[in-house]
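Here is how names work: the chains are called A, B, and so on, in the same order as the sequence lines, proteins then strands, and each is numbered from 1.
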Amino acid sequence: MSLKTKRIENYPAWYQCVVSEADMAENAASPGCMVIKPWGYGIWERIQSLMNEEFRETDHENAYFPLLIPFSFFKKEAEHVEGFAKEMAVVTHSKLQEVDGKLEPAGELEEPLIIRPTSETIIADSFAKWVKSYRDLPVLINQWANVVRWEMRPRLFLRTREFLWQEGHTAHASADEAETETKRMLEVYRKTCEEFLAMPVIEGVKPEYDKFPGAVDTYCIEAMMQDGKALQAGTSHYLGQNFAKSAGISFINKENKPEFAYTTSWGVSTRLIGGLIMTHADDEGMNVPPRIAPYQVILVPVIKKKEDEEKVMTYIRALSSELKSHTPFGEKIRIKVDARDKQSVDKFWEWTRKGAPIICEIGPRDIENNALMVKERLKVGQKEIVLKDEFVSSIEKRLADIQKEMFEKAKSRMENNIRNDITTPEEFKAYFANSNEWIEDGTQGKVAFVRGKWSGDEQTEEILKEMKIAIRCIPFNQTGTTGKCLLTGKEATLDVIYARSY
RNA sequence: CGGGAUAUAGCUCAGCCUGGUAGAGCGCUUGCUUUGGGAGCAAGAUGUCGGAGGUUCGAAUCCUCUUGUCCCGACCA
């Protein structure tokens, strides 16, 4: 029996079903906010730990800046303010007091504080203090934090009022160096998505009108969900001197002249987990790639009679310690012995819904044969009896194969659903006339992405809005050919990715 | 923040029209039987009927207001 709602029936309902059945998160008492439960948070911790290594490799250091930002900081960068004004949570009072038996906010602040929707302004303020000379540059900082944006239509992991993310902020002595940094971090994001989350992405730059407020250039990675819609998985911004000017990050350059620094910022959020779900989950529930699974191998005892219990548990402990001598992906293996007092079948299905990569069941019969029953989440419904030694020695390969297969499955689905043979506005319109549906494994094309020409005219923004289509990005690998703009029919050379999006 | 739907047990929902002691299934607890594939039987526990006000002898039910959730828009990592 699978999930209550299947992908093909109702994709958004299916998504919610996966989140709750996999016990990853739930709606919190505070409206629009979520409680991230251990299995969901465990995935986030894996993302954090792998990304921290990448950040260290690229010379970044973690630091922490405050949640509350002085209101005045938001008056400084005009575009930035305008971009975030409509979704900011504002702290105006410092205490509660009882009036006529009712608690009321009191102690109104002289200057309100903004709960950070992002930290460019307050970090730039610090950078201004830290940077005096070209010798102080570059400054390469990352912070793991929560941010608040007052969303009106929340969805677990994809859009909540409070979410977790990392935001990198750097300052450089030259525009070139800052631009290189922007692209370098986008590459880190690509690697994170493709190698760790097994989620293929398209790298590119956002069109002018869709840039981060205050940025000179916004780069992004876009992933294709199983319903063919696009999800922005990460962004990296080259901010030029915009924030340096408004916050006063200036330094004396090698020519002994004052100059404003060049800054960047880049981030990925818990939204990645939403992307992970819509990339890998199926009608049985979640499916987590081994590299980011909080537990890679689940050991479930199958105990028929009470007197078998000790024998089985001893065998499992031995198996567990043998497995621990292995280091899949160069890391400590993550094993969970599920000895809860529940039926083994129930435990099996629970881990299946959570998407643990490998679930092993071990009972008296296996002990006799020095074997165990192995089930891989990717091949749900199949089971194999494997000799214990054989399983232990093959564990690294098994996990690596699963990781690879998950990526390749997602990649071929994406590639098979990017149309690049649409060359006229008429064909384009006809293609998007149908709604997105669940895309099977990608062997047959459905409504998803179109890669085609765009003239860049201002009027196209309006056409896109009407059609509810977005230009997701201008991919890095341009063909340079000319053709008809798919929106206006005018001659154009720029290749873009058109899609519906989350 | 606009338009629609909805709110009853942990979950899915019935009851409301026509006011009169709060219901079912699943889940949970206990016991026995089962256990290599999402168990069976028996017994048991569980509710400020989203919240506030009103009408009434009496409100889950009728009226007013309010809040949450879901869907559709606008906005967005």
Side-chain angles (χ1 to χ4, degrees), chain A residues 1-5 10-13 15-17 20-21 26-34 82-88 116-119 145-167 189 206 210 212-213 218 220-223 230-237 265-275 284-285 300-306 308-309 312 341-353 359-369 371-375 380-385 435 465-466 468 470 501-502:
Chain A
M1 197 172 75
S2 49
L3 297 181
K4 267 182 227 138
T5 311
N10 183 340
Y11 198 82
Y15 174 83
Q16 288 185 72
C17 201
S20 73
E21 289 295 311
E26 62 192 22
N27 281 316
S30 347
C33 297
M34 65 175 161
E82 204 184 314
F84 284 103
K86 277 177 270 176
E87 50 182 19
M88 288 203 279
R116 62 180 162 221
T118 178
S119 303
N146 56 340
V147 289
V148 169
R149 297 178 188 178
W150 214 255
E151 299 297 341
M152 289 306 165
R153 220 180 136 184
R155 294 183 68 182
L156 292 174
F157 290 118
L158 296 172
R159 196 185 297 106
T160 47
R161 285 198 179 152
E162 179 189 18
F163 58 92
L164 306 183
W165 76 348
Q166 61 66 220
E167 47 179 329
Y189 289 164
K206 284 283 180 195
D210 200 20
F212 173 76
T218 288
C220 63
I221 47 173
E222 295 287 328
L231 182 83
Q232 183 175 299
T235 50
S236 185
H237 317 290
S265 69
W266 25 274
V268 300
S269 71
T270 36
R271 176 180 253 197
L272 280 180
I273 298 174
E284 294 288 348
V300 179
V302 177
I303 297 161
K304 291 184 180 181
K305 301 177 205 129
K306 199 79 188 162
D308 289 331
E309 187 173 339
V312 171
D341 180 20
K342 285 194 174 187
Q343 281 208 99
S344 51
V345 228
D346 290 342
K347 290 193 256 188
F348 165 70
W349 285 107
E350 187 180 319
W351 288 112
T352 298
R353 287 193 301 271
I359 305 167
C360 302
E361 287 168 316
I362 298 120
R365 207 186 301 164
D366 303 300
I367 299 175
E368 273 168 40
N369 303 324
L372 65 154
M373 184 177 282
V374 179
K375 294 164 170 177
V380 71
Q382 289 181 37
K383 54 186 178 184
E384 49 174 332
I385 305 279
S435 62
K465 223 171 197 178
E466 263 170 49
K468 288 172 197 159
S501 64
Y502 276 97

**Pairing partner (Watson-Crick or G-U wobble, both distances under 3.5 angstrom) of rA52(B)** = rU64(B)
**Request:** Summarise how protein sits on nucleotides 72-77 of chain B as a single string, 5' to 3': B when a protein heavy atom is under 4.0 Å from the base, S for sugar-phosphate-only contact, - for no contact.
**Result:** BBBBBB
**Message:** Is any side-chain heavy atom of I359(A) closer than 4.5 Å to one of T352(A)?
**Reply:** yes
**Prompt:** In whole Å, what separates the P atom of rC65(B) from that of rG4(B)?
**Reply:** 13 Å
**Prompt:** If you look at every strand shown and take non-hydrogen atoms under 4.0 Å, does P364(A) touch a base, only sugar-phosphate, or nothing?
**Reply:** base
**Q16(A) and E21(A), any side-chain heavy atoms less than 4.5 Å apart** = no
**Asked** Can you find a side chain N or O atom of Q16(A) that sits less than 4.0 Å from OP1 or OP2 on rC71(B)?
**Response** yes
**Prompt:** When rounded to the nearest Å, what value does the distance between C1' atoms of rA77(B) and rG15(B) take?
**Reply:** 44 Å
**Request:** Could you give the distance separating rA7(B) and rU29(B) at their P atoms, to the nearest angstrom?
**Result:** 29 Å
**Request:** Between rC41(B) and rG27(B), how far apart are the P atoms? Round to whole Å, please.
**Result:** 11 Å
**Prompt:** Side chain of Q343(A): nearest nucleotide among rU35(B), rG36(B), rU69(B)?
**Reply:** rU35(B)
**Request:** Take the protein atom CG of D346(A) and the nucleotide atom P of rC28(B), then report the distance between them rounded to whole Å.
**Result:** 8 Å
**Prompt:** Distance between the C1' atoms of rA45(B) and rA22(B), in whole angstroms?
**Reply:** 16 Å
**Request:** With the side chain counted from C-beta on, respond yes when V268(A) and I221(A) share a heavy-atom pair under 4.5 Å apart, and no when they do not.
**Result:** no
**Request:** Let me know the distance between CD of E26(A) and P of rC11(B), rounded to the nearest Å.
**Result:** 10 Å
**Prompt:** When the P atoms of rC72(B) and rU35(B) are considered, how many whole Å apart are they?
**Reply:** 47 Å
**Contacts of type salt bridge (charged side-chain N to carboxylate O under 4.0 Å, His left out), residue E309(A), not counting sequence neighbours** = K306(A)
**Asked** NA contact type, L272(A), heavy-atom cut-off 4.0 Å: base, sugar-phosphate, or nothing?
**Response** nothing
**Request:** Pick base, sugar-phosphate or nothing for G363(A), based on heavy-atom distances below 4.0 Å to the nucleic acid.
**Result:** base
**Asked** G32(A) near the nucleic acid: base, sugar-phosphate alone, or nothing, with a heavy-atom cut-off under 4.0 Å?
**Response** sugar-phosphate
**Prompt:** With side chains defined as the heavy atoms from C-beta onward, is the minimum distance between P12(A) and R155(A) less than 4.5 Å?
**Reply:** yes
**Request:** Taking the side chain as every heavy atom from C-beta outward, state whether D366(A) and I385(A) have any atom pair closer than 4.5 Å.
**Result:** yes
**Prompt:** If we call it a pair only when both distances are under 3.5 Å in a Watson-Crick or G-U wobble match, what pairs with rG47(B)?
**Reply:** none
**Asked** For rG58(B), what is the paired nucleotide under Watson-Crick or G-U wobble rules, both distances under 3.5 Å?
**Response** none
**Min side-chain heavy-atom separation F348(A)-Q343(A) under 4.5 Å** = no
**Request:** State whether the side chain of E284(A) and the backbone N or O of V380(A) hold a donor-acceptor pair below 3.5 Å, judged by distance alone.
**Result:** no
**Prompt:** How close or far is atom C1' of rC70(B) from atom CG of N10(A), stated in whole angstroms?
**Reply:** 11 Å
**Message:** Side-chain N or O of N27(A) versus OP1/OP2 of rC70(B): is the shortest distance under 4.0 Å?
**Reply:** yes
**Reference residue V374(A); test side chain to side chain contact (heavy atoms under 4.5 Å, CB included); the match among E361(A), E384(A), Q382(A), K383(A)** = E384(A)
**Asked** Taking the P atom of each, how far is rC75(B) from rC17(B), in whole Å?
**Response** 43 Å
**Request:** Write down the partner of rC17(B) under the Watson-Crick or G-U wobble criteria, each distance required to be under 3.5 Å.
**Result:** none
**Asked** If you find the nucleotide of RNA chain B closest to R353(A) and the one closest to A28(A), which residue's nucleotide is nearer the 5' end?
**Response** R353(A)
**Prompt:** Does any nucleotide pair with rA39(B) by Watson-Crick or G-U wobble geometry, both distances under 3.5 Å, and what is it?
**Reply:** rU33(B)
**Message:** Strictly by Watson-Crick or wobble contacts shorter than 3.5 Å, is anything paired with rG27(B), and which nucleotide is it?
**Reply:** none
**Atom P, compared across rU69(B) and rU64(B): separation rounded to whole Å** = 24 Å
**Fill in**
Re rG2(B): Watson-Crick or G-U wobble partner, both distances kept under 3.5 Å, found to be rC72(B)
